[in-house]
Amino acid sequence: KHEARYQVLKKYLDENKHLQRIYNYGASRCLYDINLCNELGRRWYCSDIDITSIEEAKKYIKKYATYPDQIQVKVEDEYCSNDDKYDLCICMEVLEHVIDPIKLLNKLEDSVRMNGSMFITVPYGPIEYTMWKDSPHRIREHIREFNEQMIYSIFKDKKDLKVGKMIYGLNKYLPEETGCYFIIYNIGDNRGFGGYYDIDMEKKLKNSKDVFLPGYDKYLGGVVSNKL
């Protein structure tokens with residue numbers, strides 16, 4: 001509850017009480033959702049591609065949720081295809097894991113009603129470098145890093161766009177800043193993404209390959225959802 005990104009999301013929801021049906025894509029174990037539902041109520045629809053996280057989320061909801069009937073959790077696409085649109089879609093720390101983020105964004109926007117909202121975060125800086133140094137057996141999880149130029153290239157035409165930056169501090173091994181960007185906007189007539197964006201996916205994957213640990217090919221075929 002005291003984590004900084006959680007507080008930003010809670011403040012946003014406090015200021016937008018009309019957002020009652022909330023879809024969290026990439027909810028993992030639903031810790032944010034459980035605490036926010038306990039504090040603010042509303043209805044939560046949570047999904048993730050990781051079956052283990054989904055099963056653990058169900059246990060946490062049963063154990064810690066004050067209003068367990070107001071939190072539902074399923075595997076990814078079961079909510080994206082819902083005809084009953086959501087007021088808000090949350091997508092925090094997900095896009096950096098996805099091979100085709102534009103395709104995913106199109107799908108998520110389609111799940112939100114007209115004049116509904118999107119709340120997105122992406123990390124920046126050498127976030128994973130500490131993990132590689134401390135746990136060299138782990139496979140790299142981030143496919144790409146988003147910078148401000150890329151963010152504005154993708155989202156520049158979105159209604160009521162707000163982009164914020166949260167600084168975590170310097171990486172403990174590298175003198176480089178780490179943090180995350182917040183991308184918040186409303187769904188208008190220009191729903192969806194088309195045209196040119198400053199995101200060369202093939203080049204980014206190739207440039208990243210030399211720092212992937214053994215298991216890179218298995219990672220791309222297994223952990224990342226190929227449906228995206």
Side chain of Asp157, backbone of Asn190: donor and acceptor closer than 3.5 Å? no
Using the rule that Ile, Leu, Val, Met, Phe, Trp and Tyr join whenever any side-chain heavy atoms are under 4.5 Å apart, tell me whether Tyr64 and Ile61 fall into a single cluster.
yes
Q) If Ile, Leu, Val, Met, Phe, Trp and Tyr residues are connected whenever their side-chain heavy atoms lie under 4.5 Å apart, and connections chain through other members, are Tyr86 and Tyr67 in the same group? A) no
| query | Can you check whether Asp69's main-chain N or O pairs, donor with acceptor, with Arg43's side chain at less than 3.5 Å? | reply | yes
**Prompt:** Within the distance-only criterion (no hydrogens, no angle test), does the side chain of Asn186 pair as donor or acceptor with the backbone N or O of Lys159 below 3.5 angstrom?
**Reply:** no
Quick note, salt bridge (Lys or Arg N to Asp or Glu O under 4.0 Å) partners involving residues 22-32, not counting sequence neighbours, are Arg29-Glu56
Contacts of Asp87 meeting side-chain contact (heavy atoms from CB on, under 4.5 Å) (sequence neighbours excluded), chain-then-number -> Leu19, Gln20, Arg21, Arg113
| task | For the pair Thr178 (side chain) and Pro126 (backbone), establish whether a donor and an acceptor sit closer than 3.5 Å, ignoring hydrogens and angles. | result | no
Residues passing the ring-ring contact (aromatic ring centres under 6.0 Å, His included) test with Tyr60, sequence neighbours excluded, are none
Exercise. Is the Tyr185 to Phe119 ring centre distance short of 6.0 Å?
Worked result: no
Looking at Arg42, is its backbone amide N or carbonyl O close enough to the side chain of Gln70 to form a donor-acceptor pair, meaning the two atoms are under 3.5 Å apart?
yes
Please tell me whether Tyr6 and Tyr32 form a close aromatic pair, meaning their ring centres lie under 6.0 Å apart.
yes
In this structure, SG of Cys46 is separated from OH of Tyr25 (nearest 0.5 Å) by 13.5 Å
task: Take Tyr124 and Phe146, measure what ring pair (Phe, Tyr, Trp, His ring centres under 6.0 Å) needs, and give me the verdict at the end.
output: CA-CA 6 Å; Tyr124 73 86; Phe146 290 81; over 10 Å; no
**Request:** Using a cut-off of 6.0 Å, state whether more than 12 heavy atoms not belonging to Tyr173 lie near its atom OH.
**Result:** yes
**Message:** Donor-acceptor pair, distance only, cut-off 3.5 Å: does the side chain of Asn106 make one with the backbone of Phe193?
**Reply:** yes
With Glu109 as partner, the option from Lys158, Arg191, Lys85 fulfilling salt bridge (charged side-chain N to carboxylate O under 4.0 Å, His left out) is Lys158
**Prompt:** Are the side chain of Asp48 and the backbone of Asp50 linked by a donor-acceptor contact shorter than 3.5 Å?
**Reply:** yes
**Prompt:** Should the pair Lys162 and Phe155 be classed as cation-pi, given the thresholds of under 6.0 Å to the six-membered ring centre and 45° from the axis?
**Reply:** no
- Electrostatic pair Lys11:Glu15 at N-O distance under 4.0 angstrom: yes
To the nearest 0.5 Å, atom OG1 of Thr130 lies from atom CG of Leu174 at 7.5 Å
- Using the rule that two of Ile, Leu, Val, Met, Phe, Trp, Tyr join whenever any of their side-chain heavy atoms come within less than 4.5 Å, decide whether Tyr181 and Ile167 are in one cluster. yes
